[in-house]
Amino acid sequence: RSYSILIHGLIKAGCARETYELFYAMKEQGCVLDTLAYNTVIDGFCKSGKVNKAYQLLEEMKGKGHPPTVVTYGSVIDGLAKIDRLDEAYMLFEEAKSKGIELNVVIYSSLIDGFGKVGRIDEAYLIMEEMMQKDLTPNVYTWNCLLDALVKAEEINEALVCFQSMKDLKCPPNTITYSILINGLCRARKFSKAFVFWQEMQKQGLSPNVVTYTTMISGLAKVGNISEASGLFERFKASGGIPD
RNA sequence: GCAACAGCCGUCC
């Protein structure tokens, strides 16, 4: 247990190399590694591009009296999805389902994000439908993933329809939601509509952050609207922002 | 206790 805490601490401190060394050293000495230790190392592997190693550890857990949990599956599914290995991510998702693991909104959101980012919008929608059929409520992360997928596919109108659904289903948008939509509107050159959302978010009590500003500023600058872009930039600095 | 979301820039090709 205290080893798990140490492993967790090392990863958080950014000492990935040391963490794995400790992890393997402990294994060799016959230490019993608990689920948290496995999950921490597996997530570390996923985030450092070593998804195959992560997958190997997930397999190892099955034989060690610490079966992979929903978090273990979540890390590896997300790791695979982030490097576009969606079919494998989906297979793991099916495997977890077949083992009776209660899949949650995090797993569904990861998959929606992954399929969406590679333009497999139909599949992203199907996963969204499946989760709702299972009475899981999409949260703001889930909706943001779907909206971003539509924006990247240049389907801003569809994104706006989903934005309405999200509000109808009582999921409050956040600053990230608005940043995604503003990005989509800028990509579609609908700047005046982007400004409408810019205002709307503030009416909802949400402040644009550095990403929201950058989205709007670079959107304007890309089409040569330098004066509006620099005006916003000045406003950003005046509001106490630190530019990236 | 551990897993999921947005912009620009940089590195590589």
Side-chain angles (χ1 to χ4, degrees), chain A residues 1-12 19 23 33-47 49 51 54 57-58 61 66 68-82 89 92-93 96 101-117 124 127-128 131 136 138-152 159 162-163 166 171 173-187 194 197-198 201 206 208-222 229 232-233 236 241-244:
Chain A
R1 166 89 212 184
S2 54
Y3 291 121
S4 306
I5 293 169
L6 183 57
I7 282 184
H8 193 220
L10 277 172
I11 276 281
K12 267 200 175 156
T19 310
F23 179 78
L33 295 159
D34 66 8
T35 306
L36 177 59
Y38 271 101
N39 285 352
T40 304
V41 172
I42 285 173
D43 191 52
F45 276 137
C46 288
K47 290 194 165 43
V51 183
L57 284 179
L58 181 147
M61 288 175 84
H66 290 294
T69 64
V70 65
V71 174
T72 323
Y73 279 102
S75 289
V76 181
I77 287 171
D78 188 59
L80 288 166
K82 281 202 163 49
L92 257 192
F93 165 80
I101 292 173
E102 287 289 334
L103 298 180
N104 59 21
V105 61
V106 174
I107 304 244
Y108 279 94
S109 301
S110 275
L111 277 179
I112 290 169
D113 191 48
F115 279 107
K117 284 211 160 58
I127 292 163
M128 184 87 163
M131 85 178 273
L136 288 169
N139 65 16
V140 66
Y141 280 75
T142 323
W143 286 110
N144 287 350
C145 292
L146 187 65
L147 293 176
D148 191 54
L150 293 167
V151 161
K152 300 243 155 78
C162 285
F163 178 60
M166 156 182 200
C171 178
N174 61 15
T175 297
I176 295 183
T177 316
Y178 279 100
S179 301
I180 292 167
L181 293 174
I182 288 170
N183 183 224
L185 290 164
C186 287
R187 288 167 72 120
F197 280 84
W198 180 271
M201 73 183 286
L206 297 168
N209 63 16
V210 60
V211 175
T212 326
Y213 268 98
T214 314
T215 303
M216 196 75 233
I217 291 170
S218 69
L220 289 165
K222 259 181 206 150
L232 257 189
F233 184 56
F236 174 57
I242 299 163
D244 268 9

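Values below: all heavy atoms of this structure, side chains included; hydrogens, waters and symmetry mates excluded. Throughout, protein chains are lettered first and strands after them, A, B, ... in sequence-line order, and every chain is numbered starting at 1.
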Sequence-distant partners of N183(A), side-chain contact (heavy atoms from CB on, under 4.5 Å), two or more places apart: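 Counting only residues at least two positions away or on another chain, N183(A) forms a side-chain contact (heavy atoms from CB on, under 4.5 Å) with V151(A), R187(A), T215(A).
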Check side-chain contact (heavy atoms from CB on, under 4.5 Å) between C145(A) and all other residues, then give those that pass, not counting sequence neighbours.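 I112(A), D113(A).
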Can you find a pair of side-chain heavy atoms, one from T142(A) and one from Y108(A), that are under 4.5 Å apart?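 Contact flag for T142(A)/Y108(A) side chains = no.
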Is the shortest heavy-atom distance from the side chain of L57(A) to the side chain of V76(A) under 4.5 Å? no
Indicate, with a heavy-atom threshold strictly under 4.0 Å, whether V70(A) touches base, sugar-phosphate, or nothing.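 Base contact.
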B/S/- contact track for nucleotides 4-13 of chain B, protein heavy atom under 4.0 Å: BBBBS-----
Return the orientation label for the Y178(A) and F163(A) ring planes: parallel under 30°, perpendicular over 60°, tilted otherwise.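 Aromatic pair Y178(A)/F163(A) classed perpendicular.
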